[in-house]
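Following: one structure in structure tokens, then a few remarks.
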Amino acid sequence: MPAGVDCPAWAQLSAAAPLLASTRSLFAADAERFAHCSVRAAGLLFDYSRQRVDAPVLAAFSALAGQLGVRERAAAMFRGDAINLTEGRAVLHTALRRVGEPAPLMVGGVDIDALVRAERARMLDFAERVRTGLIRSSAGQAFTLVVNIGIGGSDLGPAMAVEALRQYTQAAPRVAFVSNVDGCQLADLLQEADPARTLFVICSKTFTTLETRSNALVARAWLQSRLGPAAVPQHFAAVSTNQKAMDEFGVHADYRFAMWDWVGGRYSLCSSIGVALAIAIGAAQFEALLGGAAEMDQHFQSAPWAQNLPVLAAMLGVWNVNFLGLPTHAVLPYDQRLARLPAYLQQLEMESNGKSVRLDGRPAPVPTCPVIWGEPGSNAQHSFFQMLHQGSARVACDFLLPVISSCDSQPQQELAIANALAQAEAFALGQDAAQVEAELRRQGLAAARIAELLPHKVHPGSRPLTLIMFPRLDPPTLGRLLALYEHKVFVQSLIWGVNAFDQWGVELGKQLCKKIIPLVQHPQTTATMSSSLRGALDFVASTLSSK
Ligand code: F6P
């Protein structure tokens with residue numbers, strides 16, 4: 001299977017990089033750069049005019065997409081071929097949102113579409129009945145608190161989306177999320193929770209994840225101690241592929257929802273893993289989110305490369321990492337409601353493409369996934385933007401910017417818009433020495449002082465960024481954004497030649513942890529351990545014994 005580096009277009013891109021002008025010169029050379037380097041599609045304005053790319057670079061990337069067979073390989077994913085080769089699985093998160101007319105999706109003799117629709121109908125019915133108080137607790141009361149217990153893909157997607165769509169959660173029970181193994185999130189919640197009005201939803205594809213199991217066991221013990229063991233089933237729902245474990249735990253038979261091995265955890269928000277989100281925003285809005293994602297799926301499959309948002313996002317990302325040498329990518333939403341988007345994208349992008357071995361087992365000869373990080377843009381301006389403007393490490397950015405306020409504070413959102421646009425201009429165009437000097441002269445500074453200050457005030461510019469704008473952060477828009485990033489990750493995996501759908505790198509730590517747990521609980525060290533491990537265990541033991 002060829003990767004980008006094997007294709008003739010890669011050599012064209014390598015040749016183009018050193019010739020590339022500054023962003024300022026790119027704007028000077030084309031008065032219509034915005035028109036040439038922005039796309040309006042699927043409800044989004046995708047403006048990459050501030051990226052450091054020109055027409056030959058984009059043409060070479062389009063050639064690369066053709067040479068890699070992106071169109072055919074995407075079709076293979078959508079039809080359910082087992083493209084996750086290391087796990088021998090299909091990759092069918094897109095089957096979770098085939099809205100509109102039912103049409104069979106036959107994979108291995110099974111109609112996946114029918115399976116998905118049936119399970120979604122059950123899950124949404126349950127969510128609506130919890131939301132409206134028809135499903136009641138063991139004490140006969142409506143639930144006022146729903147606690148999602150899960151981690152990774154069983155937490156980040158629903159947690160991010162509930163926060164993003166808070167505007168749509170009126171009249172719903174409060175939905176909270178517990179993931180961390182240290183127990184503090186759960187302890188804080190349980191302090192205030194009324195057991196007779198609390199529903200726990202255990203989300204775990206495997207139901208074996210240590211963090212989720214330990215939180216679920218503590219929650220069950222808390223509930224039992226207050227309401228008695230018979231109450232457990234009416235307070236525990238679950239989403240998993242593991243029926244046996246749900247039986248053993250005591251999850252209510254009607255409150256269990258299926259997962260399938262062809263949905264990766266980080267791609268699972270549109271499955272029943274989204275049940276907490278469905279409780280928060282209701283069935284109709286959950287379906288609207290699916291509809292937005294489906295719209296992006298169709299756009300991805302049909303739009304020409306130059307208009308194709310996921311393909312453009314993938315190309316720009318690869319350009320920044322492999323040809324401009326930028327190893328990190330910041331996600332900067334100008335909307336507090338998207339505060340958890342960077343964390344969600346960290347898993348989506350870095351667990352998917354954070355690999356350095358190609359699908360064929362050979363080492364990847366070029367860097368792959370950048371470090372993804374970020375913060376709401378407004379806060380970021382007052383913390384790390386200094387480095388982004390003038391630091392030695394350069395960073396590519398995505399700005400996400402709704403026009404309409406997500407909390408009915410339109411005058412303040414207009415300030416957020418102005419901030420985002422100002423920062424975007426400063427990142428791209430900077431401020432050169434002549435501009436700084438003119439400004440300081442205008443302020444009446446002496447020549448000697450100007451000479452002193454000038455180097456500190458120059459902003460080099462040419463910091464690449466994409467501005468993604470949309471009218472408002474509603475469920476369809478969130479669905480479109482999530483599918484945009486999912487397909488971006490897929491296209492990048494084809495370019496880098498890695499498998500975006502496995503995660504072997506998380507296993508070693510899990511295995512070692514199983515061995516280390518008893519050594520922490522009953523402190524002991526052995527001569528065969530690393531001296532570092534021995535030192536840490538000694539510190540734990542001495543601290544615990546002197547407590
Ligand atoms: O450890 C990583 C991981 O396997 C993720 O890929 C997954 O989203 C997360 O753990 C949670 O897994 P589960 O849903 O099986 O509890």
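Each ligand, and each atom within it, is numbered from 1 in the order the structure gives.
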Between the candidates Lys510, Glu351, Glu507, Lys205, which shows the shortest non-hydrogen contact distance to atom 4 (O) of ligand 1? Lys510
Going by the rule ring-ring contact (aromatic ring centres under 6.0 Å, His included), which residues pair with Phe539 if we only count those two or more places apart in sequence or in a different chain? none
Give me the nearest non-hydrogen protein atom to atom 15 (O) of ligand 1 as residue plus atom name, then the distance to 0.1 Å. Thr206 OG1, 2.6 Å
Which residue holds the protein heavy atom closest to atom 8 (O) of ligand 1, what is that atom called, and what is the gap in Å? Gly153 N, 2.8 Å
Among all the protein's non-hydrogen atoms, which is closest to atom 12 (O) of ligand 1, and how far away is it? Thr209 OG1, 3.5 Å
Apply ring-ring contact (aromatic ring centres under 6.0 Å, His included) to Tyr485 and Tyr344, showing your working. CA-CA 10 Å; Tyr485 280 101; Tyr344 168 80; 8.5 Å; no
Is ligand 1 less than 4.0 angstrom away from at least one heavy atom of Gln347? yes
So which bit of Val506 gets within less than 4.0 Å of ligand 1, heavy atoms only: side chain, backbone, both or neither? side chain
Tell me, which pairs form a side-chain hydrogen bond (donor to acceptor under 3.5 Å, both in side chains) where one or both residues lie in residues 215-230, sequence neighbours left out? none
Answer with yes or no whether the side chains of Asn499 and Asn84 bring together a donor and an acceptor at under 3.5 Å. yes
Any N/O of Thr212 closer than 3.5 Å to an N/O of ligand 1? no
Please list the nearest protein heavy atom to atom 9 (C) of ligand 1 with its residue and the distance rounded to 0.1 Å. Ile151 O, 3.6 Å
List the steps and the verdict of ring-ring contact (aromatic ring centres under 6.0 Å, His included) for Phe236 and Tyr255. CA-CA 7 Å; Phe236 280 87; Tyr255 302 173; over 10 Å; no
Any chance the side chains of Thr206 and Thr209 put a donor and an acceptor closer than 3.5 Å? yes
